[in-house]
Amino acid sequence: MSTTCTTADTRSPAARPRWRDLIAAEWIKLTSLRSTPIVLGLLVPLYLYFAHGGAATTYADWPTLAAELKRHPDPAHDAFPFPKFLLLMATAGTLGAMTVAGEQASGLIRTTFIAVPARTRVLAAKAAVLAGTLAVVGLVIGVGVWGVTLATYGDRIPGFSYGTPGVARAVAGTAVMLAVCGLIGMALAAIIRNTAGTVFAVLVFFLAGPVAGKGRVPPLDADRSAHVTNALPGYAWGRLTVMDPGHTVERLPSVPTAWITLAAWAFAALAVMLPLLRRRDV
Amino acid sequence: MDRIPRAEPSTPAGGAEPYPGTEPPAPGGRATGRCDPYPPPGNLDGMIEIEHLTKRYGRVLAVDGLTFTVRPGRVTGFLGPNGAGKTSTLRMLLGLNTPTSGRATIDGRSFREFGTGLRHVGALLDANDVHDGRTANAHLGALARSNGLPRGRVREVLATVGLGDAGRRRIGGFSLGMRQRLGIAAALLGDPPVLLFDEPVNGLDPEGIRWARGLFRELAAEGRTVLVSSHLMGEMEHTADHLVVIGAGRLIADESLAAFAARATTGGVTVRTPDPTALAAVLAEAGATVRAHGPDTLSVTGPTAAEVNELAFTHRVMVHEVTAHGKTLEDAFMQLTADSVRYRAAATAAGAEGGAGR
């Protein structure tokens with residue numbers, strides 16, 4: 001056999017695999033699928049385009065806008081249009097779901113676990129790579145949509161810059177939100193184990209859920225119903241992008257509550273996914 | 001080592017003689033000092049031990065109290081009819097499935113206790129356990145990286161399995177034979193002392209089958225533990241030194257190929273006669289086992305063809321044809337596993353192997 005020298009490794013057989021190796025391996029896996037760069041590459045210009053559309057409308061309407069509305073301008077409304085960002089969340093959730101569902105459906109998960117029997121580490125590395133990648137995409141989108149919005153406003157709607165309070169929060173919130181959506185997608189795939197079923201669940205959770213939540217959830221009164229919908233990652237993120245709640249009539253959670261909600265979703269997703277896949281016959 | 005002397009198919013120079021587990025390997029073998037990425041031998045001797053292993057999937061008992069040992073330095077064939085529990089056993093050995101009871105260990109450890117699997121055990125379970133969207137390079141590159149193996153290993157193992165030119169191609173376009181080669185390449189990545197192959201020659205062309213046999217023999221000759229499963233006896237005849245045969249999840253035989261071949265010496269005789277009743281009576285009296293095969297044909301076990309002829313002649317029974325059957329390993333295998341196959345067909349028609357935890 002043409003085996004030649006490999007790296008010397010005299011560590012004990014039970015030595016844990018190194019995090020940097022596992023993360024590098026998951027990075028290769030994520031980026032070697034053509035769909036990943038295509039989807040992520042399309043998302044950024046798409047949301048810059050959406051931001052431009054929203055900001056251009058506001059720019060055009062500004063001279064004729066009622067004074068009351070001019071007193072509470074909220075450029076985040078143009079930069080981060082909520083319904084369009086629901087689609088972004090669903091995309092991130094699907095991407096996350098596919099990292100797990102793709103391995104489960106193809107059987108690659110067996111090859112992966114034969115190579116690294118420490119399943120929890122493999123999955124933690126996978127979650128870290130996915131969450132990190134999506135966070136960077138969220139950061140790029142967040143910074144980008146602000147740039148487009150501010151540039152479109154120009155001199156007509158003054159008083160906003162990257163330094164305006166709330167701008168940085170919206171960017172950070174978007175980065176965290178995309179990462180959390182990816183993790184939720186992974187957890188759904190781990191629970192459901194079936195690719196089509198997982199994608200359906202992701203779409204229901206990220207698209208139908210927030211929309212349905214805006215109506216009254218029948219057995220609950222308006223307050224409780226609002227609590228439930230505010231606990232959804234989409235609305236938690238939405239709260240982080242609201243710069244001036246002056247003219248908002250809805251029930252809004254506090255900003256810290258919104259951050260805690262996103263963190264709780266991330267934690268819950270990992271808490272479900274890691275033990276499930278650690279014990280399961282694959 | 002009960003190795004059977006045989007013509008080694010195309011073994012390149014440097015294939016060392018098999019050595020018992022803890023002895024230092026012969027020069028040219030696997031552990032050549034500066035290259036050896038493993039802890040010293042003695043620490044790792046590559047012994048696989050299956051102890052009272054049992055796996056139940058719902059109502060199907062896939063593996064039933066299986067106990068055997070696989071030793072280094074030889075190719076062990078792991079045989080059984082479809083659904084006998086071979087894949088279930090390998091999956092439990094590799095920590096993919098949790099046994100209902102019992103243990104499966106490699107060097108005294110359950111596989112899940114190993115940190116980096118590829119350096120200790122190389123395995124090809126199913127050639128389709130890959131993502132079609134990746135190139136062979138990316139697939140193997142990710143596996144190598146997860147175990148801290150250098151990127152260059154990917155090119156080396158691809159060249160070893162004859163896929164040197166296919167590294168940049170997506171696996172989705174690979175034939176089954178190419179996937180088998182890719183799976184073997186993945187198993188070789190970490191240069192492990194223990195190798196497990198589940199039905200590795202399915203889909204390989206004749207040249208590929210010959211190559212795979214040579215590779216398995218070579219790996220064993222380097223002192224590694226090589227376990228190759230198959231449902232075809234003929235396959236093992238040219239590859240294995242030792243056989244572990246299971247049926248319906250139970251151990252049927254665990255012996256050298258030579259011992260197994262010895263089981264096949266009791267050949268049968270087929271006789272065509274216009275008077276089967278009379279001949280059957282004569283043969284039965286002489287101690288033979290006789291079964292009717294159609295209106296004028298008897299199948300006889302016990303006496304040789306010559307003895308059957310003599311008996312017929314002395315008792316004045318007309319015979320038209322007496323044919324002796326030299327028995328093959330295949331026959332011995334069929335005979336041994338016949339009961340378990342029949343049991344399976346009657347009781348667990350769904351099949352334990354196909355339904356196993358996908």
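Residue numbers begin at 1 in each chain, while the letters A, B, ... track the order of the sequences.
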Quiz item: Looking at L22(A), I109(A), I114(A), which one has more heavy-atom pairs under 4.5 Å with chain B than the rest?
Solution: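 Max contact count across the listed options: I114(A).
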
Quiz item: Which of the residues G102(A), S32(A), A115(A) is involved in the greatest number of heavy-atom pairs with chain B at under 4.5 angstrom?
Solution: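 Ranked by heavy-atom pairs under 4.5 Å with chain B, first place is A115(A).
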
Exercise. Apply side-chain hydrogen bond (donor to acceptor under 3.5 Å, both in side chains) to D129(B) and T111(A), showing your working.
Key: CA-CA 6 Å; D129(B) 285 350; T111(A) 306; 4.7 Å; no

Self-check item: Salt bridge present between D191(B) and R224(B) (N-O < 4.0 angstrom)
Solution: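 Salt bridge present between D191(B) and R224(B).
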
Quiz item: Does D126(B) pair with R179(B) as a salt bridge, N-O distance under 4.0 Å?
Solution: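 Judged by the 4.0 Å cut-off on N to carboxylate O distance, D126(B) and R179(B) do not form a salt bridge.
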
Would you list the atom pairs, donor with acceptor, under 3.5 Å between side chains in residues 132-144 of chain A and any protein atom, with sequence neighbours excluded?
| from | atom 1 | to | atom 2 | distance (Å) |
| --- | --- | --- | --- | --- |
| T133(A) | OG1 | V129(A) | O | 2.7 |

Practice problem: Please look at L125(B) and chain A and tell me whether the side chain, the backbone, both or neither of the residue comes under 4.5 angstrom of a heavy atom of that chain. | Solution: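 Only the side chain of L125(B) comes within 4.5 Å of chain A.
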
Exercise. Measure distances from R279(A) to the heavy atoms of chain B and classify the residue's part below 4.5 Å as side chain, backbone, both or neither.
Key: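 Just the backbone, heavy atoms under 4.5 Å.
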
